[in-house]
Amino acid sequence: MKASSSFKAGLVALIASSALLVGPLHAETASSETDSGTKVEKQHEGKKHHRGHKKSSMHKMLRKLDLSDAQKAQVKTIVEKYKAQRPEKPSKEERTAHKAEMVSLLTAASFDEVTAQQMISQKQVREAEKMLQHMKMQNEIYQLLTPEQQAKFTERLEQGRKRR
């Protein structure tokens, strides 16, 4: 019975994540190259779309730790190192193929549980690898901190867990 519920939870997670991928596949790009090579912002229903990234919670936390200039430089080096190790994002063709595979799986006359399990497993492996790399990076950054900063860092992590 427990395997069935974990399978269902995994399937729900896979479907939800796939649903999140569908939107960007059909959305227009926020900016496009013109003939002159300059970027032009597109407008959709009167709103500008920005591709800026939100600041991560780690970034926000580090900002509140009053890092020295040397620590900031070291953190930047660590972040760049792990950024270079990230796997490339799937190409548009790969995303389209994945979407087509999901659609065929979900709309088939009979559900192919083996294929669904394989898709779930692949996603779980990718997510686990990303999480492991992120945790390694956080640990390296933590090791750079002074004991006072480490205490503040730990306190903020605990506060974040209590809010959830």
Side-chain angles (χ1 to χ4, degrees), residues 1-31 39 41 44 47-92 94-95 97-99 101-102 105-106 113 115-164:
M1 187 61 87
K2 186 159 181 112
S4 176
S5 65
S6 67
F7 169 73
K8 287 179 183 176
L11 184 58
V12 168
L14 179 65
I15 291 170
S17 64
S18 297
L20 292 173
L21 288 174
V22 171
L25 288 175
H26 295 291
E28 288 188 51
T29 58
S31 60
K39 295 275 184 183
E41 292 292 325
H44 181 67
K47 297 179 184 176
K48 281 191 176 183
H49 296 274
H50 298 280
R51 288 197 172 245
H53 297 283
K54 286 184 173 181
K55 298 290 183 186
S56 70
S57 58
M58 181 73 166
H59 178 83
K60 290 176 186 176
M61 187 184 308
L62 290 173
R63 206 174 48 209
K64 293 181 180 183
L65 293 178
D66 300 321
L67 299 177
S68 68
D69 290 339
Q71 286 175 314
K72 288 178 185 177
Q74 289 173 314
V75 167
K76 187 173 183 175
T77 302
I78 291 169
V79 170
E80 291 301 320
K81 176 179 89 172
Y82 281 95
K83 196 181 275 189
Q85 293 175 1
R86 283 185 204 156
E88 287 188 28
K89 292 186 178 186
S91 68
K92 186 173 183 175
E94 290 170 325
R95 292 189 313 265
H98 174 73
K99 181 185 175 217
E101 187 177 7
M102 279 296 291
L105 177 69
L106 298 174
E113 194 168 325
T115 302
Q117 283 285 11
Q118 288 173 343
M119 292 173 76
I120 292 167
S121 295
Q122 290 169 354
K123 180 154 182 75
Q124 288 174 337
V125 166
R126 286 190 309 270
E127 291 300 316
E129 288 171 0
K130 283 174 41 178
M131 184 178 261
L132 180 64
Q133 291 301 313
H134 188 72
M135 292 171 80
K136 284 180 178 179
M137 180 185 72
Q138 287 179 322
N139 179 263
E140 276 191 53
I141 292 170
Y142 180 81
Q143 300 308 316
L144 298 173
L145 303 177
T146 64
E148 296 81 23
Q149 290 170 328
Q150 288 178 345
K152 195 171 181 181
F153 182 91
T154 304
E155 180 184 323
R156 290 192 172 276
L157 278 180
E158 292 300 322
Q159 287 174 350
R161 286 189 187 126
K162 288 178 186 174
R163 280 187 241 153
R164 289 182 189 172

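Any value given below was found using the heavy atoms of this structure, including those in side chains, with hydrogens, waters and symmetry copies removed.
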task: Identify the two heavy atoms, one from T154 and one from Y142, that lie closest to each other, and give their separation to 0.1 Å.
output: OG1-OH, 3.7 Å
message: Ignoring hydrogens, what is the shortest heavy-atom contact between L62 and L67? Give both atom names and the distance.
response: O-CG, 3.9 Å
Could you state the interatomic distance from [atom1] ([X]) to [atom2] ([Y]), rounded to the nearest 0.5 Å?
X: Q150; Y: L65; atom1: CD; atom2: CG; value: 10.0 Å
X: L132; Y: M137; atom1: CG; atom2: CE; value: 12.0 Å
X: Q85; Y: Q133; atom1: CD; atom2: CD; value: 5.5 Å
X: K152; Y: Q159; atom1: NZ; atom2: CD; value: 10.0 Å

task: Answer yes when K130 and E127 have at least one side-chain N-carboxylate O distance shorter than 4.0 Å, and no when they do not.
output: yes
query: Distance only, no hydrogens: is a donor on one side chain within 3.5 Å (strictly under) of an acceptor on the other, for E94 and H98?
result: no
message: For Y82, is there any backbone N or O sitting under 3.5 Å from a side-chain donor or acceptor partner on K136?
response: no
Please tabulate, for side-chain N and O atoms in residues 68-75, each donor-acceptor pair with protein atoms closer than 3.5 Å (sequence neighbours left out).
| residue | atom | partner | partner atom | Å |
| --- | --- | --- | --- | --- |
| S68 | OG | Q71 | N | 3.1 |
| Q71 | OE1 | S68 | N | 2.9 |
| Q71 | OE1 | Q149 | NE2 | 3.2 |
| Q71 | NE2 | L144 | O | 3.1 |
| Q71 | NE2 | Q149 | OE1 | 2.7 |

